[in-house]
There are 2 protein chains.
Amino acid sequence: MTEAPRRPGKPPRVRLVDVAREAGLSKTTVSAALNGTGRLSPAVREKAREAARRMGYRPNATARQLRAGRARLIGYVVGERAHAPWTFLESPYFAQLTGATAATALRRGYAVVLLPAGSLQQEWADLPLDAVVVADPVAGDRIVDDLLAAGIPVFSDRSVEGRAGAHWVDVDASAAIRGALDHLRQEGARRPAMVLPGSATGFHAGVLAAYRDWCAARALPERIAHTATPGNGPVIAAVERALTGCEKSGRPDALLVVAEASPPLVLEAARRNGYEVPRDLLLVCVSEDMTAEHTRPTTTTLSLRPQEVARVGTELLMAVLEEGRTETSGVWVPSRLDVRESSRRPRSG
Amino acid sequence: MTEAPRRPGKPPRVRLVDVAREAGLSKTTVSAALNGTGRLSPAVREKAREAARRMGYRPNATARQLRAGRARLIGYVVGERAHAPWTFLESPYFAQLTGATAATALRRGYAVVLLPAGSLQQEWADLPLDAVVVADPVAGDRIVDDLLAAGIPVFSDRSVEGRAGAHWVDVDASAAIRGALDHLRQEGARRPAMVLPGSATGFHAGVLAAYRDWCAARALPERIAHTATPGNGPVIAAVERALTGCEKSGRPDALLVVAEASPPLVLEAARRNGYEVPRDLLLVCVSEDMTAEHTRPTTTTLSLRPQEVARVGTELLMAVLEEGRTETSGVWVPSRLDVRESSRRPRSG
DNA sequence: TTGAAAGCGCTAACAG
DNA sequence: CTGTTAGCGCTTTCAA
């Protein structure tokens, strides 16, 4: 027989049956009264409610979940930064993505559980997750397959396309980068350089390909500096490399920083290396960092729209969960170029 | 009779009883085999495990929780920023606090659920939370009382002290501010100004009191600029007010920015107003923003140690949960002044 | 060494 | 209109 696992020191919690006994009614009646279901006389309903209130009754959420067959809980894990599993929140992109995911889910009655970046399904097998959001999986990581094998619906970026149970939302990396480069060119840039993370997400692969194609189509030289790890230090170092390295192809006259860095620091690095922005160098940062609006000059950014990605994706996931669909579905979200002073060539010279 | 709430299209999940039938054993035996409990013959144990593996069995976490009497889930809600319930993640302080809370909890087998800032217990009553962490409650908000009334253990800062079931961890605002001001004075500052958020957290109240006492004790003039809302714009505006306002008491020669802002932007604002840091103005920012290490000059920061606060607090909470203690317990975490170039007076003038 | 049965707290089907 | 009862999937006691 099961002994109720009573915590020492805690008063045992009030259960439905306690309320029923107190009110002189049955469990069913009280349940119906509290949930607003069934057809009960107003008097009885009020009696049940009153007793529940008086006794401080709160339904046991776990029991409800068991009955309902789902927990209304979704996991959230990021693919990148497995080496430092919690730093992702310090990136404005992921902070916004995470917040908007939680907000959207909660609005639909689902709660979001934070999972460490790069962790695997079996590390949190004890959580009753209805689905998992995998933000920016890296190429070849096991997490997505792991989840699908376990029969857990997955929501992620487009790299999961085609696997049953895997749904996606993504921004079009190629279009985004082409748009930014076209803008720079229109403002007069002829030798745009790029700073790119070394990571292996689908987005970064798309960025690299788009940049190469764009340069090739215009017979322009490529100039790429890779950053080893996330963080302002490495990115600033890469910016300096991009601005100073290899003399032969000429100094770059524009810079597209795809790695996440603080815009004011990027500007400062440019200045330090003898560039006045935007006179000598047009600058665009792929960034969600709000400081971009407050620099002098203000910094042009390419936003990957994490909030829209999260909102659209989560809505789609909810729909899939409630309808029990299983075929892959996907949605594109457009990126947005916020043109500010740093990328507008001043009139004449 | 209850019809199993079957999702359309989903293959029904493998249950313990299915594995038992397949293996020709009883539920009990299979359960014991998989959990490593009981005394079973190695052969039987292996047979059960093999069947489970083959059938892709995964235990139903909700059922286990119901049995266990708890969900190993803790909620995380912040008191501030109720007007924009998800922006807290974009603050480096909360990003680190949140990440470290989740990390510590998960290490002890608890998962963290993100809740919107300023929300109330009843909005997430359906979640089986074993406890809730309330980060930086604001004076007079209902959330803590709400939770305690519902019998849910609460972990928060020291402002909850004395209420049964409420445990806390905090940094000593007075000591932190005194330390920073003493440092500035030692470097030669005589007219330190301060930028402070308008918010009503216990920490900010402590900061204000400490600053006033410190100035009074030295017969120095107070100069305080308040920021209306979080965000770089308002804080930078307050910085400019602090640096330019009221001529009578003389220009400030040091600035302590308690509101969270990007250090490079604060430096830039100082420069724009004719101050060269550190020659004309010693600068200390209360900030966890890593950009402080990369500015020129590098920026002195006062760290509130969110990661340590989270770690210590969460460990304490876990201990309380497992032991069922109910008396309030509390811990202090020391703040840390990272002295960098912006607050070191250059030799002579 | 193994299995039958009780029961965690709740909701829903069905009988009264 | 209300109450009795089965059962969600699991673990654990107790008997065989």
Side-chain angles (χ1 to χ4, degrees), chain A residues 1-7 10 12-48 51-52 55 57-72 125-128 130 151, chain B residues 1-7 10 12-48 51-52 55 57-72 125-128 130 151:
Chain A
M1 210 126 329
T2 309
E3 192 60 4
R6 198 95 94 323
R7 272 309 173 304
K10 291 245 181 225
R13 204 165 130 170
V14 180
R15 296 157 304 164
L16 189 63
V17 64
D18 300 319
V19 177
R21 192 179 317 111
E22 175 80 8
L25 298 166
S26 79
K27 289 191 332 175
T28 314
T29 308
V30 177
S31 172
L34 298 180
N35 293 333
T37 58
R39 288 160 303 281
L40 304 182
S41 72
V44 169
R45 177 152 292 175
E46 191 41 49
K47 182 158 73 161
M55 303 175 71
Y57 169 72
R58 288 181 317 120
N60 179 313
T62 303
R64 289 182 139 184
Q65 292 177 355
L66 183 60
R67 260 306 326 218
R70 69 174 152 191
R72 305 193 79 94
D126 287 342
L127 294 172
D130 296 340
Chain B
M1 207 129 325
T2 309
E3 192 60 4
R6 198 94 96 323
R7 270 313 172 303
K10 291 248 181 221
R13 203 166 132 170
V14 180
R15 296 156 306 162
L16 190 62
V17 63
D18 299 319
V19 177
R21 194 179 315 112
E22 175 80 8
L25 297 166
S26 78
K27 289 192 331 177
T28 314
T29 308
V30 177
S31 172
L34 297 180
N35 293 333
T37 57
R39 287 163 301 283
L40 305 180
S41 70
V44 169
R45 177 152 293 173
E46 191 41 49
K47 182 157 73 161
M55 303 177 71
Y57 169 72
R58 287 181 318 119
N60 179 314
T62 303
R64 290 182 139 183
Q65 291 177 355
L66 182 59
R67 258 312 325 226
R70 71 176 150 189
R72 303 194 81 94
D126 287 343
L127 293 172
D130 297 339

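Here is the naming used below: chain letters follow the sequence lines, and residue numbers restart at 1 for every chain.
- Among the heavy atoms of the strands lying under 4.0 Å from A:Ser41 are primed sugar atoms or P, OP1, OP2 only; no base atom is included.
- Under the side-chain hydrogen bond (donor to acceptor under 3.5 Å, both in side chains) criterion, A:Thr28 pairs with no residue, sequence neighbours left out.
- The shortest side-chain heavy-atom distance between A:Leu34 and A:Tyr57 falls under the 4.5 Å cut-off.
- Summary of helix geometry: the two end axes of the helix from C:dT1-D:dA16 to C:dG16-D:dC1, each defined by five base pairs via their C1' atoms, are inclined to each other by 50° (rounded to 10°).
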Can you give each donor-acceptor pair under 3.5 Å made by side-chain atoms of residues 36-47 of chain A, sequence neighbours left out, with the distance rounded to 0.1 Å?
residue: A:Ser41; atom: OG; partner: A:Val44; partner atom: N; Å: 3.2
residue: A:Arg45; atom: NH2; partner: A:Thr37; partner atom: O; Å: 2.8

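- In this structure, A:Arg21 places its CZ atom 16 Å from C1' of D:dT4, rounding to the nearest Å.
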From CA spacing to verdict: side-chain contact (heavy atoms from CB on, under 4.5 Å), A:Arg64, B:Asp126: CA-CA 8 Å; A:Arg64 289 182 139 184; B:Asp126 287 343; 3.1 Å; yes
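- Contact annotation: A:Ser31 side-chain N/O to C:dT11 OP1/OP2 distance is under 4.0 Å.
- What you find for A:Ser26 and A:Ala20 is that their closest heavy atoms are C-CB, 3.7 Å.
- One interatomic measurement links the two molecules: CG of B:Asp130 to P of C:dC8, which rounds to 19 Å at whole-angstrom precision.
- Between D:dT2, C:dT11, C:dT2, one nucleotide has an atom nearer to the side chain of B:Leu40 than all others, and that is C:dT2.
- Within the 4.0 angstrom heavy-atom criterion, only backbone atoms of the sugar-phosphate kind lie near A:Arg15; the bases stay farther away.
- One interatomic measurement links the two molecules: CZ of B:Arg72 to P of C:dC8, which rounds to 21 Å at whole-angstrom precision.
- Take B:Arg15 and apply the side-chain hydrogen bond (donor to acceptor under 3.5 Å, both in side chains) test, not counting sequence neighbours, and it matches B:Asp18.
- For C:dA4, its base sits under 3.5 Å from the side chain of B:Thr28 at one donor and acceptor pair at least.
- Contacts of A:Ala71 classified as side chain to side chain contact (heavy atoms under 4.5 Å, CB included), with partners at least two apart in sequence or in another chain: A:Gln65, A:Leu73, A:Pro128, A:Asp130, B:Thr62.
- For D:dG9, neither phosphate oxygen OP1 nor OP2 lies less than 4.0 angstrom from any side-chain nitrogen or oxygen of B:Tyr57.
- Counting to the nearest Å, the C1' atom of C:dC10 and the CD atom of B:Gln65 are 15 Å from each other.
- In this structure, the NZ atom of A:Lys27 is 12 Å from the P atom of C:dG7, given to the nearest Å.
- Between B:Arg67 atom CZ and D:dC8 atom P there is a gap of 16 Å when expressed in whole angstrom units.
- Rounded to whole Å, atom P of C:dT2 lies 14 Å from atom CD of B:Glu46.
- With distances taken from any side-chain atom of A:Arg39 to the nucleotides D:dG9, D:dC10, D:dC1, the minimum falls on D:dC1.
- Here B:Thr29 does not reach the OP1 or OP2 of C:dT2: none of its side-chain N or O atoms lies under 4.0 Å away.
- Contact annotation: B:Asn35 side-chain N/O to D:dT11 OP1/OP2 distance is under 4.0 Å.
- Here D:dC8 presents its P atom at 18 Å from CZ of B:Arg64, a figure rounded to the nearest Å.
- Note on A:Ser26: every side-chain N or O is 4.0 Å or more away from OP1 and OP2 of D:dT4.
- Counting only heavy atoms from C-beta outward, the side chains of B:Leu16 and B:Pro59 never approach each other to under 4.5 Å.
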